[in-house]
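Below: one structure, written as structure tokens.
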Amino acid sequence: MELNKKSISELKELYSNGSVKPSEVVRACLDAISNKDTEIGAFLEVMPEDVLRRARELEKESPEEMPLYGIPIAVKDNICTIGSRTTCASKILEGYVPPYNATVVERLLDAGAIIIGKTNMDEFAMGSSTENSAYQITKNPWNMEFAPGGSSGGSAAAVAASMVPVALGSDTGGSIRQPASLCGVVGLKGTYGRVSRYGLVAFASSLDQIGPITRTVDDSAIVMNVISGRDPFDATTIPDEPGDFRAGLGRGVEQLKIAVPVDLERWDIDAELKDILKDTIEKLEEAGAKIEPVNFPDMDASIACYYVIANAEASSNLARYDGVKYAFRAEAETLDEMYERTRGEGFGDEVKRRILLGTYVLSAGYYDAYYNKAQQVRAMICSRFEAIFSANDLVMLPTVPGPSFRLGERIDNPIEMYLSDIFTTPANIAGIPAISVPAGLTRKGLPLGIQLMAGYTQEEKLLQGAAMLEKIYKFNKG
Ligand code: GLN
């Protein structure tokens, strides 16, 4: 029956009619991991005994009460899990075991999910290829010479290779949606504050959001129903109850107004992706949606704005890794030398680059020119989106300008790597929800993704539109 290939909704069905048990499902996933992951490298840690023990405990409970009963889930390694290491794929957190669970992890466990392991990522979620991990490379399951994207590359690869039906990622500037697009799976980042960040190791606190990577849109909604909502441990969570994320799924797109940037030509978008976009517009119109061309001149500014704000916040957030409080400490004669050597040896090159850039833009002489300016640009981008969403329900555009790239191809060119975040960073800057839906394969067999964005807290509409895209593309690796 290949239980590892089943979606969450299929597994729920099988559990409720009693045809499978959690231990059989996790065994199928563990088998898939042992068959495939030596080559793919999606996981940093899997604990088979704990997983099977939890599955057997669940077998004493009833599936009806628990929305994620017996669902195996992989968790990105920057999300705290009691008793298993949380390293952010950094040497500076090597062997760190948190004394608490992230709120999302608590909620998943209460809902009956089984945490199967921790996934590889770019160190501290900084990157777009997962090559910045201090531990290992993750390969794209569609072609092992290509990158899975990043920074949640391990999570996306694990779901794409059917090692788990769902994985959590985190998205600061695209790190859920970009790897989802490159691996042919669904990746959702909710409205800022929709999902608690308590227990997510901070990269850029005003941008970070945890979200699901799944093989279907419905599964994404099912997981959001469990992990969203106010959390007293995170004062930035949205106080209102989110409602049912599945509510809009079967509704179609009749009368929905979908804005498409008119000037997409300005960006260097892959030709096959452009064709898909054109075709999608036609199909959405046939389904009753109204396509509205919109101007989006500020999009170009989003990358610069993002890399100033994200790095500024990162330089402050990462100050805590000093060799005193957390895992790694370098040997030294004096305290100052210990700080320097710990940070010098513990952080990788990309993280150091970000800390230096962030410290620079926050320094007294440059604060106004860079940090303050970036905040102004952020306000401008937010008001542009407000105007767009006052007249439209959704915005549609590619997730990334093209398909995946070869491992090693971009790693020495950070600017090129940063520029590929052009379409994902605006949603983080504006704090609005966005989703990447797999749209098909290039002639060379690499996945392409289309992105939808919705107004503040409008996830229901976002998922409504995404469900229609899924119906149009009929894409599922199986
Ligand atoms: N690629 C972006 C960066 O390197 C986004 C990372 C993220 O969303 N965590 O900062």
Side-chain angles (χ1 to χ4, degrees), residues 75-79 88-90 119-133 138 147-156 167-183 187-190 192 195 197 200-213 302-318 347-358 361 374 378 399-402 404-405 410-436 449 451 453:
V75 173
K76 187 176 180 179
D77 206 34
N78 58 351
I79 298 173
C88 295
S90 180
T119 55
N120 197 26
M121 56 186 280
D122 285 300
E123 185 178 2
F124 284 102
M126 296 171 184
S128 307
S129 67
T130 310
E131 291 165 294
N132 293 333
S133 166
T138 298
S151 63
S152 315
S155 289
L168 290 186
S170 68
D171 192 311
T172 306
S175 280
I176 290 175
R177 291 160 287 152
Q178 186 259 18
S181 174
L182 270 44
C183 289
L188 183 147
K189 178 201 90 73
Y192 180 77
V195 177
R197 290 179 295 111
L200 167 69
V201 179
F203 165 7
S205 312
S206 77
L207 302 160
D208 297 339
Q209 269 296 287
I210 295 172
I213 296 179
S302 71
I303 292 278
C305 172
Y306 168 80
Y307 277 95
V308 171
I309 291 174
N311 291 346
E313 293 184 19
S315 72
S316 156
N317 275 325
L318 271 60
F347 289 132
D349 288 347
E350 182 61 27
V351 175
K352 285 183 196 161
R353 178 162 29 238
R354 309 264 182 137
I355 293 172
L356 289 173
L357 285 168
V361 299
R378 185 173 195 173
T399 310
V400 197
S404 182
F405 43 91
R410 290 192 191 162
I411 194 69
D412 296 324
N413 190 344
I415 297 288
E416 195 186 345
M417 198 80 100
Y418 298 172
L419 285 176
S420 66
D421 297 335
I422 175 87
F423 299 138
T424 48
T425 48
N428 303 81
I429 290 170
I432 56 173
I435 189 167
S436 178
Q451 180 180 211
M453 296 174 180

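Read the numbers this way: they start at 1 and go in the same order the structure lists the ligands and their atoms.
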Residue, atom and distance of the protein heavy atom nearest atom 6 (C) of ligand 1 read Ser175 OG, 2.8 Å

protein heavy-atom neighbour closest to atom 5 (C) of ligand 1 works out as Tyr306 OH, 3.3 Å

Are any side-chain N or O atoms of Gln451 and backbone N or O atoms of Phe423, one a donor and one an acceptor, separated by less than 3.5 Å? yes

Contact check: Gly150 vs ligand 1, nitrogen or oxygen atoms, below 3.5 angstrom: no

Thr172 N/O to ligand 1 N/O under 3.5 Å: yes

Mind checking whether Ser151 has a heavy atom under 4.0 Å from ligand 1? yes

Verdict with supporting geometry, Arg410 and Ser129, side chain to side chain contact (heavy atoms under 4.5 Å, CB included): CA-CA 9 Å; Arg410 290 192 191 162; Ser129 67; over 6 Å; no

With side chain to side chain contact (heavy atoms under 4.5 Å, CB included) as the test, pick out the partner of Asp208 among Arg197, Lys189, Glu313. Arg197

With a 4.0 Å heavy-atom cut-off (strictly under), which part of Asp421 contacts ligand 1: side chain, backbone, both or neither? side chain

For atom 3 (C) of ligand 1, what is the nearest protein heavy atom, given as residue, atom name and distance? Tyr307 OH, 3.3 Å

Asp421 side chain vs Thr424 backbone, donor-acceptor pair below 3.5 Å: no

Could you walk me through whether Tyr418 and Tyr307 pass the ring-ring contact (aromatic ring centres under 6.0 Å, His included) check? CA-CA 8 Å; Tyr418 298 172; Tyr307 277 95; 4.1 Å; yes

Heavy-atom closest pair (Ser181 atom, Gly449 atom, distance to 0.1 Å) is OG-N, 3.2 Å

Distance-only, no hydrogens or angles: does the Asn413 side chain make a donor-acceptor pair with backbone N or O of Glu416 under 3.5 Å? yes

Check whether any N or O atom of Ala125, backbone or side chain, sits under 3.5 Å from an N or O atom of ligand 1, and answer yes or no. yes

Which is it for Asn317 and Ser205 under the side chain to side chain donor-acceptor pair (under 3.5 Å) test, yes or no, and what are the steps along the way? CA-CA 8 Å; Asn317 275 325; Ser205 312; 3.1 Å; yes

Using a 4.0 Å cutoff against the non-hydrogen atoms of Gly173, which atoms of ligand 1 qualify? 5 (C), 7 (C), 8 (O)

Run the numbers for me: atoms of ligand 1, each under 4.0 Å from some heavy atom of Phe203, listed by number. 9 (N), 10 (O)

I want to know if ligand 1 touches Met126 in the polar sense, i.e. an N/O pair below 3.5 angstrom. no

Where's the contact between Arg354 and ligand 1, heavy-atom distance under 4.0 Å: side chain, backbone, both or neither? side chain

